[in-house]
Amino acid sequence: MIYDISQTLRPGIPVWPGDTDYEMTETWEMNDTCPVKVSSLTLSTHTGSHADAPCHYTLDGLDSASTPLDTYLGPAQVIDLSQSVGALVTSDDLSGKLKDGVGRVLLKLFPTFPHDGWDPAFPAIHPETIDWLAAREVKLIGTDVPSLDPQESKTLDAHRRVAANGLAILEGLVLDAVPEGVYELIALPLKIEGADGSPVRAILRSL
Ligand SMILES: Nc1ccccc1C(=O)C[C@H](N)C(=O)O
Ligand SMILES: [Zn+2]
Ligand SMILES: [Zn+2]
């Protein structure tokens, strides 16, 4: 079975406060003299379900065109913390839940994904949790919230620990319909030179 865990990119999709609104413009219209329809897109690199690139949070970090592809392909464990999580996910929240050797963890923190709204107080990840996951061979952390750090964070402590441990990040996933378990994750960033992030079409395939 395939679970589509991607937000729909559409006019009005909620974006980070102050960031670029999503817009699609028709540049060619199909008609009697024009055989094609062609559009152009304006959007933030962090719109919807996306992969952060290291250069988003680290000076001289890799861009979306350079991040290793295999990180975004392979076994991933979905863990639902939405009924118990506080402001920050701690390793206590994950203790006893992490299956050995899966390598990718997708954390469901929203009880229901807010498709039409923005929750500025979304749960985030305690920086020590990143070190705890990295110590257990996790190389990708994904979540349904729009950032690993709280919205008001200026120090991006969780992102800093991701950089220190060389993990990959997926944010803005939609996990409402996915039962907890291990799946095959496919969520490749676009090959955009210089980009600090990229929308992904994220899916989970039953193993
Ligand atoms: N668009 C922004 C503008 C300014 C600061 C953060 C954002 C974010 O979108 C957060 C991002 N998704 C992150 O990786 O944490
Ligand atoms: Zn992001
Ligand atoms: Zn991020």
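Note that the structure is a prediction, hence the values are computed from the model and not measured. Ligands are counted one by one from 1 in listed order, and the atoms in each one are counted from 1 as well. No hydrogens, no waters, no symmetry mates; every other heavy atom, side chains included, goes into these values.
- Residues Leu175 and Val105 fall into different hydrophobic clusters, defined by Ile, Leu, Val, Met, Phe, Trp and Tyr side chains chained together at heavy-atom separations under 4.5 Å.
- Scanning the protein heavy atoms around atom 11 (C) of ligand 1, the nearest turns out to be His46 ND1, 3.4 Å.
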Inset, instruction - Would you sort out whether His50 and Glu171 count as a side-chain hydrogen bond (donor to acceptor under 3.5 Å, both in side chains), showing the intermediate values? - result: CA-CA 6 Å; His50 68 277; Glu171 293 164 337; 2.9 Å; yes
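- Under a 4.0 Å criterion applied to the non-hydrogen atoms of His50, ligand 1 contributes the atoms 12 (N).
- Note on ring orientation: taking the six-membered ring where Trp is involved, the planes of His56 and His159 are perpendicular (angle over 60°, cut-offs 30° and 60°).
- For the residue pair Asp19/His46, the side-chain donor-acceptor check at 3.5 Å is not satisfied.
- Under the 4.0 Å criterion applied to side-chain N and carboxylate O atoms, Lys108 and Asp144 are not assigned as salt-bridge partners.
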Inset, instruction - Go through the steps to decide whether Tyr3 and Tyr183 satisfy the test ring-ring contact (aromatic ring centres under 6.0 Å, His included), and finish with yes or no. - result: CA-CA 10 Å; Tyr3 294 91; Tyr183 303 83; 5.5 Å; yes
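- Using a cutoff of 4.0 Å between basic side-chain nitrogens and carboxylate oxygens, Asp4 and Arg201 are scored as salt-bridged.
- The local environment of NZ in Lys191 is sparse, with at most 12 non-hydrogen atoms from other residues, nucleotides or ligands closer than 6.0 Å.
- For ligand 1, the atoms closer than 4.0 angstrom to any heavy atom of Asp19 are 1 (N), 2 (C).
- Side chains of Asp63 and Ser66: a donor on one and an acceptor on the other come within 3.5 Å.
- The NE2 atom of His159 and the OE2 atom of Glu171 subtend an angle of 110° at the Zn ion (ligand 3), given to the nearest 10 degrees.
- Summary of contacts: the protein heavy atom closest to atom 13 (C) of ligand 1 is Glu171 OE1, 3.2 Å.
- When the Zn ion (ligand 3) is compared with the N/O/S atoms of Asp52, atom OD2 turns out nearest.
- In summary, no N, O or S atom of Asp149 is located under 2.8 Å from the Zn ion (ligand 3).
- Taking 2.8 Å as the criterion, His46 counts as a coordinating residue of the Zn ion (ligand 2), since one of its N, O or S atoms falls below it.
- For atom 12 (N) of ligand 1, the candidate residues are Pro150, Gly197, Pro146; the nearest heavy-atom contact is made by Pro146.
- For the pair Ser44 and ligand 1, the shortest N or O to N or O distance does not fall below 3.5 Å.
- Of the protein's non-hydrogen atoms, the one nearest atom 15 (O) of ligand 1 is Ser147 OG, 2.6 Å.
- Distance from atom 5 (C) of ligand 1 to its nearest protein heavy atom, with residue and atom name: Trp16 NE1, 3.6 Å.
- The distance from ligand 1 to the heavy atoms of Asp52 drops below 4.0 Å at these ligand atoms: 13 (C), 14 (O).
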